[in-house]
Amino acid sequence: MSLERPVPRLAGAWGALGLSGLGLAGLSLLLARQEAPAQLGPAQPGLWLVGITALLLLGAVGIRQSAQGEGHPARTVPAAATLILLVLAAEAALRAYAVPTGLIPTPSKVLEALWAARTVLWRDALTTFVYEALLGFVIGTLLGLGLALLSVRLRFLERGLLPYAALLSSVPIVALAPVVIKAVGLGVASKTIIVAVTVLFPVLINAVRGLHSAQSMHLDLMHSYAASAAQTFRDVRWPSALPFVFTALRVAAPLSLINAIVAEFFGTEGRGLGFRIQIEVGKFGLDVVWAAIVVASVLGISFYLVISLIERRILPGRR
Amino acid sequence: MSEGGSGKWVVGSGNGQGRVQGMTTLPASTPRRVRRPSNLLPMLAVAVFAALIYWPVMLFANQGAAQKALDSGADLGCKTALACATQLRNPVIPAPGQFWVGMRSLSAQPFSATAAPYNALVTGGETLLGLGLAVVVGLALATLLVRSRSFERATLPWLVASQTVPVVALAPMLAVLLGQAGVQGFLPKALIAAYIAFFPVTIGMAQGLRSPDPLQRDLMQTYRASGPQTFLLLQLPASLPYLFTSLKVAATAALVGSIVAEISTISFSGLGKMLAENSRASDTVALWVIMVYGAALGIALVALIGLLERAVTRWRPVA
Amino acid sequence: MTHSLLPTSHSPPHSGPPIVSVRDLGMIFPVPGGQTVALQDANLEIMPGEFISLIGPSGCGKTTLLRLMADLISPTSGQLTVNGGTPRQAREARSYGYVFQAPALMEWRNVLGNVRLPLDVMNTPKDSRAARAREMLRLVGLEKFERSYPWQLSGGMQQRVSIARALAPGPALLFMDEPFGALDEITRENLNLELLRLWRETGKTVVFVTHSISEAVFLSSRVVVMTARPGKIEGIVNIDLPQPRGEESREDPRFFQYATEIRELLRRGHE
Ligand SMILES: Nc1ncnc2c1ncn2[C@@H]1O[C@H](COP(=O)(O)OP(=O)(O)OP(=O)(O)O)[C@@H](O)[C@H]1O
Ligand SMILES: [Mg+2]
């Protein structure tokens with residue numbers, strides 16, 4: 001990390017990024033006036049597209065330069081700039097072609113929809129995330145851990161149950177969802193159950209593996225202390241199982257939200273992000289669909305990050 | 001397939017995790033167990049136990065509906081609600097006999113357009129095609145990720161984040177868009193499956209291309225190996241186990257994608273179409289049959305990838 | 001660059017220009033919050049046909065010196081020539097073989113395939129590759145395992161495969177980084193004899209890293225003793241034991257003399 005070279009390079013990167021971003025935003029503004037697609041000649045959008053591509057290339061050069069080195073900006077700027085520039089470029093391109101909102105909405109339209117439909121989306125998110133995904137996740141995790149503990153105590157159960165768990169973890173939930181919804185009803189409970197089932201198997205499999213992963217040297221050590229089974233469990237088996245459990249949880253967290261959404265495709269009582277997406281696709285209200293997807297993504301990423309955070313708290317000294 | 005689908009959840013604990021540390025898991029590397037007693041007996045015991053539980057649960061679930069049907073004066077050919085619980089035309093949970101009859105009628109002529117086996121094959125074909133596409137795209141993207149650090153820094157956070165985005169939620173919309181663009185038949189569903197599968201494949205491949213240890217790279221350097229030689233002789237083979245691990249994760253997700261796509265498009269075959277039709281007709285027994293076929297299809301896909309893995313990565317110890 | 005393994009009479013060292021010349025060589029690694037001086041002011045000339053051992057405490061820069069000669073890293077100061085040119089030219093001419101501290105086998109190639117790897121990369125005539133690889137495997141006593149995969153071999157066997165691999169293209173110069181570190185004493189002594197025979201018969205130049213004083217004395221024509229923090233060459237000991245050497249050389253009184261001399265040098269570095 002020498003200080004001589006990067007300064008001018010970084011300035012160049014900022015310049016390129018700024019120019020590209022401003023250019024794209026400017027294009028979008030210019031295009032905002034030309035609302036009707038009919039006014040655009042066939043040659044014009046092509047010209048706009050050339051401009052957008054050129055600005056994106058400029059941005060790419062900026063991103064490339066800003067990614068040099070090992071500093072904090074070199075790690076964060078490129079990713080942030082990529083997202084911002086791509087969103088701006090999408091905005092400009094969609095406006096240039098005057099693509100109808102019913103086909104692909106511009107990012108700004110999505111933002112508008114996000115604001116306009118905020119109460120509905122809030123309620124949907126509450127239903128899908130809290131009552132279905134989160135609750136199902138917790139139930140599935142607890143059940144999985146409980147079964148794992150039982151399995152490790154009773155070898156017979158492990159040998160009988162685990163092969164099924166391995167098989168069932170490759171079952172697509174869309175096959176499961178209609179049946180559960182038929183049996184349990186259209187309400188929230190059916191989705192909670194579906195999510196719990198899909199979380200259960202990976203947690204069970206990984207927890208059992210983790211509990212078996214204790215190094216024999218450590219177990220021998222505990223044995224040499226004449227430690228009780230409970231002590232061995234607390235000091236060796238459980239700590240070595242935790243990383244495995246958390247890996248399963250990290251994967252399962254966003255998946256639980258996705259699965260809740262998919263399960264909603266098969267019937268709801270008129271609430272939930274999946275329901276919203278399905279209903280709005282039918283009405284070509286794609287701006288609301290995208291808004292719902294944005295909400296779901298933010299929730300999914302946050303869920304993932306929270307689990308990672310807890311993991312880092314509980315497992316210090318890893319990574 | 002005693003290890004079967006479980007392989008995809010295995011994690012190397014802590015060390016050896018590459019720079020690309022997304023949500024994908026590492027392939028199991030070293031042989032652990034030598035010889036275990038057969039799982040057949042315990043598995044049978046668990047199956048028998050499940051069958052025994054199934055009966056009272058089914059009776060209990062159907063009783064209410066049967067009572068209602070009796071109250072409304074329908075002639076079910078039975079007297080009490082308990083007796084009628086196995087006779088309902090549209091049970092909450094089908095009795096084994098009913099399920100069997102449904103299974104027979106949907107599988108009798110396996111290759112007719114309305115039979116479940118035929119439709120499962122269609123869906124399976126779409127998914128496999130999608131997985132194939134995903135591998136091509138994933139390999140290209142992974143190579144870029146490994147080659148260019150700026151590209152990695154600019155896109156990797158979003159590639160990881162995208163695994164938390166409900167990509168299946170995009171399926172209904174993509175189906176509409178692709179339909180508008182004139183892409184029809186087999187292809188749109190395969191494209192959607194590919195779209196869902198290429199994220200995990202990309203991350204897994206990138207991890208794999210980076211997995212050779214520094215000494216192996218040094219070794220190639222002492223031979224003055226060219227870039228393509230290092231790629232073909234070192235990086236590509238090293239990445240294969242990672243590819244298959246991520247493919248197993250991707251397969252189930254892609255299967256969900258193609259089924260959801262079938263539901264959302266005007267589809268003439270596939271398990272998704274059958275689900276949609278029978279869901280509308282409220283044919284619970286048929287839904288159960290389709291669930292079993294869907295489950296079998298998911299398991300078969302993962303098993304197929306497992307077989308392919310064994311054939312391609314012959315050097316690895318048999319677990 | 002294919003050198004045959006045909007027996008040639010062993011020419012005495014110290015003739016002609018040096019095959020490796022190290023002058024005031026320094027290597028500094030930047031580390032978080034400072035730097036590590038891995039090698040400082042190293043001076044050394046290695047003549048064709050010599051067997052040179054590097055010995056010294058862990059972290060004294062033995063691997064670093066070897067990697068510099070092999071052009072796997074570039075020095076931060078000083079001059080280094082290999083084969084009369086830059087290390088880079090030597091690497092590009094594929095003029096050396098390198099045995100790493102760990103086997104670094106490719107787990108998807110069986111034993112034969114691993115030994116064949118350099119021949120595949122260097123595009124030697126296809127029909128002779130397998131035969132050549134088998135010949136090398138016989139040399140390290142693993143001909144019965146050619147179809148095994150690395151995970152089926154013990155650590156020592158893996159290391160022998162990596163030695164066969166380094167020998168396969170027939171390089172005139174061999175860098176060996178603790179190749180026998182993972183072996184039991186008897187296998188180690190057998191392989192020492194094999195290596196000596198190979199060296200005698202082919203006139204190769206060997207640069208050999210070891211932690212064992214007796215191994216260094218037994219094998220080498222000269223032993224380079226290094227010390228740590230910063231990595232330096234503390235002294236060079238000429239080993240004038242008669243060639244060809246065998247088990248009886250270990251009984252030679254001079255053998256103990258040399259061992260003591262090296263031990264003294266190592267001790268001095270520890271103070
Ligand atoms: N790539 C590197 N980056 C930073 N420091 C390094 C690097 N390679 C080596 N070093 C440092 O240089 C010093 C010498 O390392 P080297 O590997 O040459 O030791 P060595 O003599 O081979 O030790 P050993 O006998 O344990 O193999 C050590 O202090 C090491 O920490
Ligand atoms: Mg070393």
Side-chain angles (χ1 to χ4, degrees), chain A residues 63-64 67 74-75 78-79 81-83 103-104 156-157 159-176 178-179 182-183 202 205-206 209 213 243-244 247-248 250-251 254 257-258 261-262 265-266 274 277-278 281 286 289 292-293 296-297 300-301 303-304 318-319, chain B residues 2-6 9-11 13-14 17 21 23 25 37 39 42-43 45-46 61 92-93 149-150 153-158 161 163-166 168-170 172-173 176-177 180 248 251-252 255-256 259-260 263-264 271-272 275 279 284 287-288 290-291 293-295 297-299 301-302:
Chain A
I63 288 170
R64 225 188 121 86
R75 292 170 187 279
T82 303
L83 185 70
L103 209 52
I104 310 176
F156 188 82
L157 193 61
R159 283 163 51 204
L161 200 62
L162 232 54
Y164 288 113
L167 280 184
L168 290 178
S169 67
S170 35
V171 170
I173 53 140
V174 275
L176 183 74
V179 167
K182 270 272 143 40
I205 292 168
N206 258 23
R209 258 180 216 278
S213 76
F244 286 79
T247 303
R250 249 187 297 125
V251 177
L257 185 67
I258 293 171
I261 289 174
V262 173
F265 289 169
F266 294 92
I277 288 168
Q278 201 187 24
V281 165
L286 290 192
V289 173
I293 287 172
S297 309
I301 294 171
F303 199 4
Y304 173 76
R318 291 197 157 261
R319 262 177 295 131
Chain B
S2 68
E3 296 281 329
S6 68
W9 296 107
V10 180
V11 207
S13 50
Q17 310 209 347
Q21 165 60 56
M23 297 162 58
T25 49
N39 286 337
M43 281 180 75
V46 170
V92 178
I93 297 178
R149 204 173 50 165
S150 352
R153 287 190 167 164
T155 59
L156 188 63
W158 306 121
Q163 292 195 54
T164 71
V165 174
V168 262
L170 293 174
M173 210 170 47
V176 172
L177 275 180
Q180 293 250 339
K248 285 182 198 163
T252 324
L255 180 57
V256 173
I259 292 179
V260 171
I263 295 173
S264 333
L271 286 181
L275 272 181
S279 207
T284 317
L287 286 180
W288 275 75
I290 299 165
M291 170 176 79
Y293 269 100
L297 182 57
I299 291 166
L301 278 175
V302 173

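Note on naming: letters A, B, ... go to the chains in the order of the sequence lines (proteins, then strands), and numbering restarts at 1 for each one. Just so it is clear, the model here is predicted, and its values are computed rather than measured.
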A/Phe266 side, atom CZ; B/Leu275 side, atom CG - distance, nearest 0.5 Å: 5.5 Å
Residue part contacting chain B, namely of A/Val174, when any heavy atom lies under 4.5 Å: both
Choice from B/Gly272, B/Ala45, B/Ser150 maximising heavy atom contacts with chain A below 4.5 Å: B/Ser150
Structural part of A/Leu176 lying under 4.5 Å from a heavy atom of chain B: both
Side chain, backbone, both or neither of B/Trp158 within contact of chain A (heavy atoms, under 4.5 Å): side chain
Pick from A/Gly274, A/Pro172, A/Gly300 with the largest number of heavy-atom pairs that fall under 4.5 Å of chain B: A/Pro172
Option that, when pairs with chain B are counted at under 4.5 Å, heavy atom only, ranks first among A/Ile301, A/Ile277, A/Leu286: A/Ile301
Qualifying residue for side-chain contact (heavy atoms from CB on, under 4.5 Å) with A/Val179, from B/Thr284, B/Leu287, B/Ile290: B/Leu287
Listed partners of A/Phe303 passing ring-ring contact (aromatic ring centres under 6.0 Å, His included), at least two apart: A/Phe129, A/Phe137
Distance-minimising heavy-atom pair for A/Ser170 and B/Thr252: O-CG2, 3.6 Å
A/Leu161 versus chain B, the contacting section by heavy-atom distance below 4.5 Å: both
Most contacts with chain A, counted as non-hydrogen pairs under 4.5 angstrom, among B/Gly298, B/Ala251, B/Ala154: B/Ala154
Contact summary for A/Arg159 and B/Met43, nearest pair of heavy atoms: O-CG, 3.6 Å
Side chain proximity check, A/Phe265 to B/Ile263, heavy atoms < 4.5 angstrom: no
Residue pair B/Gly294 / A/Ala175: nearest heavy atoms and the distance that separates them: CA-CB, 4.1 Å
Engaged part of A/Phe156 at the chain B interface, taking heavy atoms whose separation is under 4.5 Å: both
